[in-house]
Number of protein chains: 2
Amino acid sequence: MSSPGLDRLTDLLHTRGERLTPARTAVLGVLEQQAGHLTAEEIVDLVAVAAPDVHRASVHRTLDLFSRLRLVQHLHPSHGPALYHLVDGHGHEHVHAECRSCGRIIDLPDGILDDVAARLLAETGFDLHAGHVTLSGLCRACQPEPSGTGTSVQP
Amino acid sequence: MSSPGLDRLTDLLHTRGERLTPARTAVLGVLEQQAGHLTAEEIVDLVAVAAPDVHRASVHRTLDLFSRLRLVQHLHPSHGPALYHLVDGHGHEHVHAECRSCGRIIDLPDGILDDVAARLLAETGFDLHAGHVTLSGLCRACQPEPSGTGTSVQP
DNA sequence: ATGAGTGCAAAGTGTTTGCAACTAT
DNA sequence: ATAGTTGCAAACACTTTGCACTCAT
């Protein structure tokens, strides 16, 4: 019944004098079993299966805590609730992109913002946190098709 | 009582068979007089001075419309309400950064995401809309000071 | 034993909606 | 004339908070 995530969480909590509770264990369990980007509400529902007494407010409080511990990443899509997922085993966060047409969330290759981060730091003193960035645009599937016959001209 | 913005708005509306109303004129007027990044609520309050009958819901509807017309840019900070501002006279949108400590919004140099956009398009087919991106990080003022005497050691 | 953490319900924040009345065209 | 817009109030979606109680340490 153990897991690398649980060991990591236990460590992080004990280091800070905080406690390992059923709510926290249950939220971690859900995040470990679900790969995608989950809303707090979805996590509430999934937690309810294993731990029916865990309240919605505790899930929010737990997700806030896990974010502060850098155990989960969260992002704010342009519409709708925040999305959460576990940071990978090496503590490596990644950048997200959201399609403004279909809403799909895409995980981007790590390091895609490294050059921008370096330039920002040098030019403006701004220290970019790439793991909390959501880029916006159109995914491949949602792009308008190029017209088939070459340059488009009005009749 | 005219302005480049008003002319532009009138054109955009008439082209699409939509109407120039007092609510729309008033919202445009506020955006033209205020340089910064305004919340819908702030715009409601400012509009109330010149046009007391314009309702909060109409301001939201107008801001949605202006966004669709690409007359205003809006961004969603990680906490709190959306922020709006007029796109510059040349229709040029820019990228924003938000300090996760003090909340300050910084306008970034144009083109800062051009390379990323090109790479994204080539590698993943994602067409980036840089004008709707908010980068997250720490502004210069909020960064932890480097310790003055070299490596920091506990006494 | 003790205070960090919880369940609960209620309030909060920001935005959207249904509809009758109004008004720019 | 008539369809696009509006004001209004209520609903909505999501999150946060105050408080008494509980339980991990």
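Just so it is clear: chains get the letters A, B, ... in the order the sequence lines come, proteins before strands, and each one is counted from 1.
In this structure, R56(A) atom CZ and dG12(C) atom P are separated by 19 Å, rounded to whole Å. For D64(A) and dT15(D), the CG to P distance is 9 Å, given to the nearest whole Å. Across the protein-nucleic acid pair, H74(A) atom NE2 and dT15(D) atom C1' stand 13 Å apart, rounded to whole Å. L12(A) has its CG atom 19 Å from the P atom of dA4(C), to the nearest Å. Regarding E42(B), its CD atom lies at a distance of 13 Å from the C1' atom of dG14(C), rounded to whole Å. In this structure, H79(A) atom NE2 and dC14(D) atom P are separated by 12 Å, rounded to whole Å. F66(B) has its CZ atom 11 Å from the P atom of dT5(D), to the nearest Å. dA9(D) atom C1' lies 7 Å from atom NE2 of H55(B), rounded to whole Å.
Mapping A23(A) and E41(B) onto DNA chain C by nearest heavy atom places A23(A) closer to the 5' end of the strand. Along DNA chain D, the nucleotide nearest S58(B) and the nucleotide nearest G17(B) are compared for position; the residue whose nucleotide lies closer to the 5' end is G17(B).
Distances were taken from every side-chain heavy atom of P81(B) (C-beta onward) to each of dT15(C), dG7(C), dT17(D); the shortest belongs to dT15(C). Of the candidates dT6(D), dG7(C), dA9(D), the closest approach to any side-chain atom of R24(B) belongs to dT6(D).
The closest donor-acceptor contact from the side chain of S58(A) to the backbone of V54(A) lies at 3.5 Å or more, if one exists at all. No donor-acceptor pair closer than 3.5 Å links the side chain of E93(B) to the backbone N or O of A130(B).
For R56(B), the CZ atom sits in a loose shell: 12 or fewer heavy atoms of surrounding residues, nucleotides or ligands are nearer than 6.0 Å. Within 6.0 Å of atom CG in D115(A), 12 or fewer heavy atoms from other residues, nucleotides or ligands are found, so the atom counts as exposed in its surroundings.
For the atom pair R140(B) CZ and R104(B) CZ, the distance stands at 10.5 Å (nearest 0.5 Å). Rounding to the nearest 0.5 Å gives a distance of 8.5 Å between CG of L9(A) and OG of S3(A). Here the CZ-CG distance, from R8(B) to L86(B), works out to 9.5 Å after rounding to the nearest 0.5 Å.
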Starting at the 5' end of nucleotides 19-25 of chain C, put B wherever the base has a protein heavy atom under 4.0 Å, S where only the sugar-phosphate does, and a dash everywhere else. ----BBS

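Dashed line: the shortest gap from a side-chain N or O of H60(A) to OP1 or OP2 of dT15(D) is under 4.0 Å.
At a threshold of 4.0 angstrom between heavy atoms, the contacts of A57(B) include nucleobase atoms, whether or not backbone atoms are also involved.
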